[in-house]
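Accompanying notes for the structure given below.
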Number of protein chains: 2
Amino acid sequence: MELGDPVLAACGEPAFDPLVGEDCAGTLTIAEAAAATGVSTHTLRYYERVGLMRDPVARATSQHRRYSADDIRWVTFLTRLRMTGMPIREMARYARLASAGEGNEADRLALLTEHRRRVLERLDEVQRNLAAIDKKIAVYQERIDR
Amino acid sequence: MELGDPVLAACGEPAFDPLVGEDCAGTLTIAEAAAATGVSTHTLRYYERVGLMRDPVARATSQHRRYSADDIRWVTFLTRLRMTGMPIREMARYARLASAGEGNEADRLALLTEHRRRVLERLDEVQRNLAAIDKKIAVYQERIDR
DNA sequence: CTAGGACCTGGAGCGCACTCCAAGTCAAAG
DNA sequence: CTTTGACTTGGAGTGCGCTCCAGGTCCTAG
């Protein structure tokens with residue numbers, strides 16, 4: 001793997017190092033962003049395509065994507081929404097609200113709060129079902145070491 | 001909706017009533033089974049097709065399915081596995097073990113125990129991610145009613 | 001005898017969230 | 001100048017778990 005883009009090579013490597021040049025300070029290539037967030041480069045492009053990135057990710061002169069520290073934080077938050085089961089559609093809605101700037105904080109709060117409610121509901125449901133499975137496990141356990 | 005199959009109409013309705021005739025005592029039509037288990041008739045046929053039913057469901061002379069109380073319990077358990085995130089493939093594996101009869105209880109136990117482990121892992125992951133989302137919620141809350 | 005309704009079958013279609021492909025660009029190294 | 005390799009794009013393909021469709025059977029009611 002190359003380290004950063006040739007044009008901006010000076011800042012490609014030590015991520016978020018405050019001592020590097022202006023233009024590309026602390027930016028990451030898509031491969032680095034993938035490593036940093038735990039999602040594939042495919043998925044990073046896909047997320048941008050379907051409108052999850054608020055604004056399009058910055059580009060080097062080579063058209064290669066340059067992820068800022070803020071982008072990385074945003075993607076990380078997106079993964080939290082995904083891992084708690086939020087559909088892409090709703091994440092896109094949240095991204096649109098976030099990109100609209102200040103003034104819709106109440107909407108964003110409502111969206112997250114409603115999501116939280118559903119997650120807790122689902123957690124509870126899973127726990128109840130798991131309890132039933134546990135009983136079955138206990139039955140097998142008894143039947144085996146009887 | 002008709003109540004039971006014409007041929008076996010005598011036993012279609014009062015589900016699991018011990019006083020009805022021999023052949024079809026306490027059996028349910030697919031629609032009744034769907035109502036009893038909370039899955040669609042489509043899904044009930046699909047589950048049978050992909051081998052989740054241990055043995056094919058019994059049929060009336062009309063070839064219509066007749067679900068026994070045991071079938072209903074089995075489907076109910078299947079739904080618990082599904083709702084805790086077990087893939088159909090693995091449910092099919094469990095069904096094959098169960099249909100093989102006695103002697104593989106250790107395998108079934110291992111399968112369920114491993115599933116349980118993954119579910120707990122996943123629950124924990126969801127909870128951790130939810131905690132991060134909760135922090136974001138708190139930030140919005142503070143920003144709104146400041 | 002006809003119509004209606006629940007059911008049957010094999011197979012096609014769908015929504016989701018990726019995941020991959022083909023063809024092309026760009027910049028540094030050989 | 002050519003090669004290399006990480007990237008770009010639009011679009012096609014994949015796996016999962018259903019969900020639906022067309023054409024047919026069967027039985028009761030009118």
Side-chain angles (χ1 to χ4, degrees), chain A residues 1-13 24 27-35 37-53 56-67 75 78-93 95, chain B residues 1-13 24 27-35 37-53 56-67 75 78-93 95:
Chain A
M1 192 224 282
E2 282 186 19
L3 305 179
D5 214 42
V7 167
L8 307 171
C11 60
E13 201 21 4
C24 50
T27 65
L28 273 62
T29 66
I30 194 167
E32 290 163 345
T37 59
V39 313
S40 71
T41 59
H42 294 302
T43 300
L44 285 174
R45 291 193 199 96
Y46 167 69
Y47 278 8
E48 186 174 346
R49 235 193 310 176
V50 298
L52 296 189
M53 292 306 289
V57 174
R59 307 296 162 119
T61 57
S62 59
Q63 290 300 102
H64 288 195
R65 289 173 178 79
R66 287 294 169 267
Y67 289 82
V75 173
L78 288 182
T79 65
R80 297 197 192 289
L81 295 178
R82 273 303 295 134
M83 301 198 82
T84 51
M86 184 183 287
I88 298 287
R89 269 178 195 291
E90 195 170 351
M91 288 164 59
R93 207 163 79 74
Chain B
M1 191 225 282
E2 281 184 23
L3 305 180
D5 214 43
V7 167
L8 308 172
C11 62
E13 200 23 4
C24 50
T27 65
L28 272 62
T29 67
I30 194 168
E32 290 163 345
T37 59
V39 313
S40 72
T41 58
H42 294 303
T43 300
L44 284 174
R45 290 193 200 97
Y46 167 69
Y47 278 8
E48 187 174 345
R49 235 192 311 176
V50 297
L52 296 190
M53 292 305 289
V57 174
R59 306 297 163 120
T61 57
S62 60
Q63 289 300 104
H64 289 195
R65 289 172 179 80
R66 289 292 170 267
Y67 289 83
V75 173
L78 288 181
T79 65
R80 299 198 192 288
L81 295 178
R82 273 302 297 137
M83 302 199 81
T84 51
M86 184 182 287
I88 298 287
R89 267 179 197 292
E90 195 170 351
M91 287 164 58
R93 209 163 77 74

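In what follows, chains are A, B, ... by sequence order, proteins preceding strands, each numbered from 1. Any value given below was found using the heavy atoms of this structure, including those in side chains, with hydrogens, waters and symmetry copies removed. Given the structure is predicted, the values throughout are model-derived calculations rather than measurements.
A:His64 has its side chain out of reach of A:Thr29: every pair of non-hydrogen atoms, C-beta onward, lies at least 4.5 Å apart. The closest side-chain heavy-atom distance from A:Val50 to A:Arg89 is not below 4.5 Å.
A:Thr37 pairs by the side-chain hydrogen bond (donor to acceptor under 3.5 Å, both in side chains) definition with nothing, not counting sequence neighbours. When the side-chain hydrogen bond (donor to acceptor under 3.5 Å, both in side chains) test is applied to A:Thr43, the partners found at least two apart in sequence or on another chain are A:Ser40. Among residues two or more places apart in sequence or in another chain, the side chain to side chain contact (heavy atoms under 4.5 Å, CB included) test is passed with A:Ala92 by A:Leu52, A:Arg96. Under the side-chain hydrogen bond (donor to acceptor under 3.5 Å, both in side chains) criterion, B:Arg82 pairs with no residue at all, not counting sequence neighbours. The side-chain hydrogen bond (donor to acceptor under 3.5 Å, both in side chains) search around A:Thr41 returns none, not counting sequence neighbours.
Remark: B:Thr61 is not in phosphate contact with D:dC26, judged by side-chain N or O atoms under 4.0 Å from OP1 or OP2.
Of the residues in residues 80-93 of chain B, those with a non-hydrogen atom less than 4.0 angstrom from any atom of DNA chain D are B:Arg82, B:Pro87, B:Ile88, B:Arg89. Near DNA chain C, meaning a heavy atom under 4.0 Å from it, residues 44-53 of chain A has A:Tyr46, A:Tyr47, A:Arg49 in order of number.
C:dC7 atom P lies 8 Å from atom CD of B:Glu32, rounded to whole Å. Across the protein-nucleic acid pair, B:His42 atom NE2 and C:dG11 atom C1' stand 14 Å apart, rounded to whole Å. Look at CZ on B:Arg65: it is 16 Å from P on D:dC26, rounded to the nearest Å. Atom CD1 in B:Ile30 sits roughly 15 Å away from atom C1' in C:dG5 (whole-Å rounding). Residue B:Arg66 contributes atom CZ, which lies 12 Å from atom C1' of D:dC27 at whole-angstrom precision.
Atom CE in A:Met53 sits 10.0 Å away from atom CE in A:Met91 (nearest 0.5 Å). Distance CG/A:Leu78 to CE/A:Met86: 9.5 Å, rounded to 0.5 Å.
Side-chain proximity of A:Arg59 to C:dC7, D:dT9, D:dT19: nearest is D:dT9. In this structure, the nucleotide among D:dC7, D:dT19, C:dC7 sitting nearest to the side chain of B:Thr43 is D:dT19.
A:Glu48 and A:Val57 make their closest contact through OE2-N, 3.3 Å (heavy atoms, listed as atom of the first residue, atom of the second, distance). Between B:Gly51 and B:Ala95, the shortest heavy-atom distance links the atoms O-CB, 3.5 Å. In terms of heavy atoms, B:Ile88 sits closest to B:Tyr47 at CD1-CE1, 3.9 Å.
Taking the screw axis at each terminus of the helix from C:dC1-D:dG30 to C:dG30-D:dC1 from five consecutive base pairs, the angle between the two is 30° to within rounding of 10 degrees.
Put simply, the side chain of A:Arg65 never gets that close to the backbone of A:Gln63: no donor and acceptor are under 3.5 Å apart.
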Name the pairs: protein N/O against N/O of nucleotides 23-25 of chain C, kept only if under 3.5 Å.
none

